[in-house]
Amino acid sequence: HQLNTANSATVCLATAHFAKFGDACSRAVNTLPEIPKELSQLWSLDTRSSNCPDDAKVVQKFMERKIEERIEKHEKQIEKKNFVKHLVLVSIALGAMTVVVSAIRRR
């Protein structure tokens, strides 16, 4: 409502917390608790929004697709980290082998 973009077909998929809805909470409760440091950082982050038709199946498919995209992205990040770990281990092994070969040649 603050951006004048909400209407009867607006769906907000977010957890409710006073840190996100400070104005509404302050009208409902006289003394608000202190906002946790981790949540206060949310104010500086970018927000995302997507428009979907007023159809539960479309919204469900949209959310499933977004979740799948996040899982794929996470899996690729894990694969990349594992690949880097593998390269580090191979480099260490090659370095150790080089030291051993050098020592053998000196004899």
Side-chain angles (χ1 to χ4, degrees):
H1 289 282
Q2 293 171 348
L3 301 174
N4 294 323
T5 58
N7 58 44
S8 62
T10 299
V11 175
C12 181
L13 301 172
T15 56
H17 193 281
F18 69 88
K20 292 166 131 180
F21 306 103
D23 293 338
C25 291
S26 63
R27 286 182 289 217
V29 179
N30 288 338
T31 306
L32 290 176
E34 187 176 324
I35 297 174
K37 181 180 77 170
E38 297 82 7
L39 288 177
S40 66
Q41 296 171 357
L42 292 175
W43 298 114
S44 63
L45 298 176
D46 293 335
T47 58
R48 296 179 298 249
S49 67
S50 302
N51 295 320
C52 289
D54 185 12
D55 182 328
K57 288 182 181 181
V58 173
V59 173
Q60 180 178 350
K61 288 287 186 193
F62 173 81
M63 292 306 299
E64 288 171 353
R65 190 176 79 245
K66 287 294 183 182
I67 291 168
E68 287 171 0
E69 288 172 3
R70 290 269 176 104
I71 290 170
E72 287 175 9
K73 181 179 178 182
H74 182 71
E75 287 173 347
K76 285 180 183 178
Q77 290 172 341
I78 290 172
E79 287 175 12
K80 184 177 179 179
K81 286 180 183 178
N82 287 338
F83 181 70
V84 170
K85 286 179 184 177
H86 179 74
L87 287 178
V88 169
L89 291 174
V90 167
S91 298
I92 291 169
L94 287 174
M97 288 173 55
T98 303
V99 169
V100 169
V101 168
S102 295
I104 292 172
R105 286 186 178 171
R106 280 189 231 141
R107 287 183 181 185

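Note that the structure is predicted; figures quoted are calculated from it, not measured.
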Interatomic distance, [X] atom [atom1] to [Y] atom [atom2] [nearest 0.5 angstrom]:
X     : Y     : atom1 : atom2 : answer
Met63 : Ile67 : CE    : CD1   : 5.0 Å
Lys61 : Cys52 : NZ    : SG    : 13.0 Å
His86 : Ser91 : NE2   : OG    : 9.5 Å
Lys85 : Ile78 : NZ    : CD1   : 9.5 Å
Leu87 : Ile92 : CG    : CD1   : 11.0 Å
Glu72 : Glu79 : CD    : CD    : 10.5 Å

task = Only counting residues at least two apart or in another chain, list the ones meeting side-chain hydrogen bond (donor to acceptor under 3.5 Å, both in side chains) with Glu64.
result =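 Testing Glu64 for side-chain hydrogen bond (donor to acceptor under 3.5 Å, both in side chains), a comparison that skips the adjacent residues, returns Gln60.
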Q. Should Glu69 and Lys73 count as an ion pair when the cut-off is N to O under 4.0 Å?
A.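 Answer for the salt bridge query: no.
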For Val58 and Pro53 the tightest heavy-atom approach is CG1-CD, 3.5 Å
> For atom CZ of Arg105, is the number of surrounding heavy atoms from other residues, nucleotides or ligands below 6.0 Å larger than 12?
Replying inline: no
Problem - Heavy-atom neighbours of Asn51 CG exceed 12 at 6.0 Å - result: no
